[in-house]
Amino acid sequence: MVPSRGIALLSAPEVDLTTDRRVDLDASTAHQVRAVTPKPSTLVNTRLDFFRSFTSAEPGPDDYGAMRENVVVGRGYDSIWAQPTGAKVRHGSFVFATRLRAQQTPLDLSYDGTAIDDALAQEGSAVLPDGTSTLDAVFAGAGSPEDFAKTAVRGKVAVVRHSAEVAPSAQASAARAAGARLLLVVNDGAGRLTEWYGEPDYSAPVDVPVVSVGKDEGEALIARIAAAREHRVRLRATAHPSPSYLYDLVKYHAGAVPKDVAYHADPDRLARIDVDFAQPQGMQAMERRTDFPAYEWSTGYSFGLAPMAPGRRTDWVTAGEDATWQQTASVTGWVGATNSPTSYRQGSVQRERWLGPVLRPCMSGGDTQVRDDTSLSLVVSGWCDSGAPHAGSAGTETMTTRTSLLQGGTTLLTTDSAYVNAFDLPAESLPYRVVVDTAGDPALSPYSSTTRTQWDFVSGAAKSGTVPLVQLDYGTDLDASGRAHRAGEVSITPSVLGVSAKDAVSSVRLEVSYDGGASWHRQDLKERQGTWRTTLHAPSSAAFVSLRTTATARAGGSVVQTVIGAFGLR
C-alpha cells in the first residue's frame, strides 16, 4: 500500500523554559481539518493561520512583534491535520485559524459500484462537460504513442501510469491523437498527482480532459481492466467543473488548537449569498472571496482567482462580526469589480450580481469620499457593474474614463484615474461638481457604449467626514445576454453616501431612450421603501434601452447620470 500525502501542523504555542521541558510534537495525535457540509462537497482550497503574541492579550494588526504563519495547502495533499495543544495559553494571545473553500464535488468517478475518492482534474487540459457520462475504460500502459497504437481507445477512457519516461504533455498529445474521450493518469507516488498536461511551453492547453487518481485506487482499476478480458469495464464520471454551490468558511480558535478542528457547516448559522455571474458571452469570468482576520493588516487574504461560468451559484459563508468578506469578480481584458468588506448576519440571505448591466460610474461609500479642512478626496469607479455598488474598473485601454472636478465654473483637475484628490481648498462652503465620462469598447460588449455622470454638491472645511454624494443603483430582470423584456420593470434605488436616512433622496426622475439618446421619454415612477419603479414600453424596432436619471437629496446635492445602451431588449 502506498501512503496518502497529508500535511499536519504540529505546535506547542506556550513552553515555559525556566527549567528543562519536554515538548511532544506527535502527528499521530493530530485531528483532520475538514468541512462537514449539508450538501456533498470537496475541499478545493485550505489555509491554516498561526498567530502568537507574547505581549498582547488580544490579537491585532498593530502587534508587529507577533509571529504570523499562513500556510496555503497545495493540491498535491489529500488530507490536512492539526495537533491539539491542550490548555489555552496563559501569556499573551494565540489564534489558530482554518480558512476553507469547499465546493460542489468537481468530479466523481466510479466503476462496478467502486468509487474513486481522489480524482483530480489536471491543469492544462480540457474541462469535462457538466453532467454524467459512462465510458469504456482501457489500459494504455505508460501512455506513449506506441502504447496507444496497440490499444483501441477512440471514444473511451484511456488509463495510463504516470511515468518519468513519458512526459505529461506527450501522454496527453498521444491520447488526443488516438481519439480518447478522457485520459486518466494513475500516480506512481504518494498523494495526488499535479502536473501540466498542455503544451510544454505552457502556451496552450490540450483539448482532451486529463484526470489523475492515486496509486492504490488507480492500480485497482488497472487490475480490474486486466481481469475483465472479454468484458467491458464501464467508468462513470460525474463532473461539475463550475459549481452550483460552495462554502466559504473561516474559524478562529483562540488560545489553543482544539481537538475538533472540523468545520461543521450548519446552514442556520451561516449566511447565504445568491450569486449571479453575467459576463458577456464567450468571456471567462474569474472570482475569489477575501477574508480579513482581526490579527492581520487590512489587505486580507484570498486564494487565487477561480474560473466561473455564467449563471447562478449559491454561496454559504461564515456569519458573525468576526468574519469579514469581500468578493471580487473580473474578466481579463474587460472589467473587474469588487464589493465592500462585509460581515453577514446568521441566517441572512443576500443577492449579488456580477459583471452584468448596468455598467456605469459609481461611488461605493465607506471612507473613499473624505473632506477635511483643506482637501477633498474621492474614489470614483468608472465601471461599476450590475445593480449593487461594486467598485469597478476597466482592464483595457480601449475602455476609457475621464473625471473632472470643478468648483463653480473653474476646473480644478482632470484625471484618468479613479482617485480624485484636491488640495488647498477654501474653508467656506462652496458648490462643487464631479463629471465622469466613460466610453466602452463595442468589440467587447455592446452595453454602456458611453456614459456621463454629473454629481453636484456643496462642501466646506470639515475635521474629517464623508462627502454627501448621491449613488444610483439599478435593477431589471435580464437574460444571460443582458437583455430585458420589452415590457419589463426597471428599478432605481438611490442612496446618499455618509448621511442619515432623513437626508436621503427626495426626488427621482427617469427618462429612457430607444434610439441611442436621439430622443428621450419621461417615465412614470412609483416609489416604495426607497426604490422607484417603472415599466418599459419598448417599440418592436428597439434593440437597446438608454437611461437618463436625475436624483436630488433632501440635504442638497444631486446627480444626473446618462447611460447609452444600458442594456438590451429581447
Side-chain angles (χ1 to χ4, degrees), residues 2 4-5 40-45 74-79 103-112 114-144 147-148 151 153-163 166-199 204-225 233-243 306-307 309:
V2 175
S4 65
R5 186 170 181 234
S41 67
T42 298
L43 276 182
V44 294
N45 289 114
R75 294 189 346 140
Y77 294 99
D78 48 36
S79 61
Q103 71 181 43
Q104 182 182 22
T105 301
L107 182 62
D108 275 323
L109 295 180
S110 63
Y111 64 95
D112 296 344
T114 301
I116 298 176
D117 294 327
D118 60 354
L120 184 65
Q122 295 296 288
E123 294 183 353
S125 70
V127 175
L128 274 171
D130 192 274
T132 299
S133 57
T134 304
L135 302 168
D136 291 345
V138 296
F139 179 55
S144 67
D147 290 324
F148 277 105
T151 310
V153 302
R154 183 165 299 277
K156 301 176 183 178
V157 177
V159 181
V160 303
R161 290 189 177 99
H162 181 258
S163 170
V166 185
S169 58
Q171 289 180 324
S173 178
R176 176 180 50 80
R181 288 274 300 278
L182 171 67
L183 177 63
L184 191 151
V185 183
V186 177
N187 196 10
D188 57 352
R192 290 177 167 180
L193 177 69
T194 57
E195 294 274 15
W196 170 267
Y197 279 83
E199 294 296 324
V206 66
D207 58 355
V208 63
V210 182
V211 174
S212 73
V213 298
K215 184 170 184 179
D216 291 344
E217 293 184 319
E219 290 295 339
L221 173 59
I222 293 172
R224 178 69 184 89
I225 294 171
V233 174
R234 303 280 282 169
L235 186 74
R236 178 184 173 91
T238 299
H240 300 293
S242 193

Participant: With a 4.5 Å limit on heavy-atom distance, are the side chains of Gln122 and Val211 in contact?
Facilitator: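 Contact flag for Gln122/Val211 side chains = no.
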Participant: What is the distance from atom CG of Asp207 to atom OG of Ser125, rounded to the nearest 0.5 Å?
Facilitator: 10.5 Å
Participant: Any chance you could measure Asp216, atom CG, to Leu221, atom CG, to the nearest 0.5 Å?
Facilitator: 13.0 Å
Participant: For the residue pair Arg192 and Arg75, what are the closest heavy atoms and their distance?
Facilitator: CD-O, 3.4 Å
Participant: Evaluate the side-chain proximity of Thr42 to Pro106: yes if any heavy-atom separation is below 4.5 Å, no if none is.
Facilitator: yes
Participant: Would you compute the distance between atom CG of Leu109 and atom CG of Leu120 and round it to the nearest 0.5 angstrom?
Facilitator: 10.5 Å
Participant: How close do Val206 and Arg176 get, counting heavy atoms only, and between which atoms?
Facilitator: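 In this case the closest contact between Val206 and Arg176 is CG2-NE, 3.8 Å.
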Participant: Closest approach of Gly143 and Val166, non-hydrogen atoms and distance?
Facilitator: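 Scanning both residues completely, I find the closest heavy atoms to be O-CG1, 3.9 Å.
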Participant: State, to 0.1 Å, how close Leu193 and Ser212 come at their nearest heavy-atom pair, and which atoms those are.
Facilitator: O-OG, 3.2 Å
Participant: Give a yes or no on whether the backbone of Ala204 and the side-chain of Glu199 come within a donor-acceptor separation of less than 3.5 Å.
Facilitator: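 Looks like no, no N/O pair under 3.5 Å.
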Participant: Quick check for you: to the nearest 0.5 Å, what is the distance between Phe148 atom CZ and Leu183 atom CG?
Facilitator: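 The CG atom of Leu183 is 5.5 Å from CZ of Phe148, to the nearest 0.5 Å.
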Participant: What are the two closest non-hydrogen atoms of Leu235 and Ala137, and how far apart are they?
Facilitator: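 Closest approach of Leu235 to Ala137, heavy atoms only: CB-CB, 4.4 Å.
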Participant: What is the minimum heavy-atom distance between Ala180 and Val208, and which atoms define it?
Facilitator: O-CG2, 3.5 Å
Participant: Looking at Arg236, I'd like to know if its CZ atom is crowded, meaning that more than 12 non-hydrogen atoms belonging to other residues, nucleotides or ligands lie closer than 6.0 Å.
Facilitator: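 No, because the 6.0 Å sphere around CZ of Arg236 holds 12 heavy atoms or fewer from other groups.
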Participant: Quick check on side-chain contact (heavy atoms from CB on, under 4.5 Å): which of Val185, Ile222, Val186 does Val160 satisfy it with?
Facilitator: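 Running side-chain contact (heavy atoms from CB on, under 4.5 Å) over Val185, Ile222, Val186 with Val160 returns exactly one hit, Val185.
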Participant: Roughly how far, to the nearest 0.5 Å, is CZ of Arg181 from CG of Leu128?
Facilitator: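 Answer rounded to 0.5 Å: 9.0 Å.
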Participant: Using modelled atom types and a 3.5 Å cut-off, is there a donor and acceptor pairing between side-chain atoms of Ser163 and backbone atoms of Ala142?
Facilitator: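 Checking the backbone N and O of Ala142 against the side chain of Ser163, no donor-acceptor pair under 3.5 Å is found.
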Participant: Rounded to the nearest 0.5 Å, how far apart are CD of Glu217 and OH of Tyr111?
Facilitator: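 The OH atom of Tyr111 is 8.0 Å from CD of Glu217, to the nearest 0.5 Å.
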Participant: Does any N or O in the side chain of Gln171 come within less than 3.5 Å of the main-chain N or O of Tyr197, such that one atom is a donor and the other an acceptor?
Facilitator: no
Participant: Would you confirm whether Asp147, through its side chain, and Gly141, through its main-chain N or O, come within 3.5 Å as a donor-acceptor pair?
Facilitator: no
Participant: With a 3.5 Å distance limit and no angle check, can you tell me whether Asn187 reaches the backbone of Lys215 through a side-chain donor-acceptor pair?
Facilitator: no
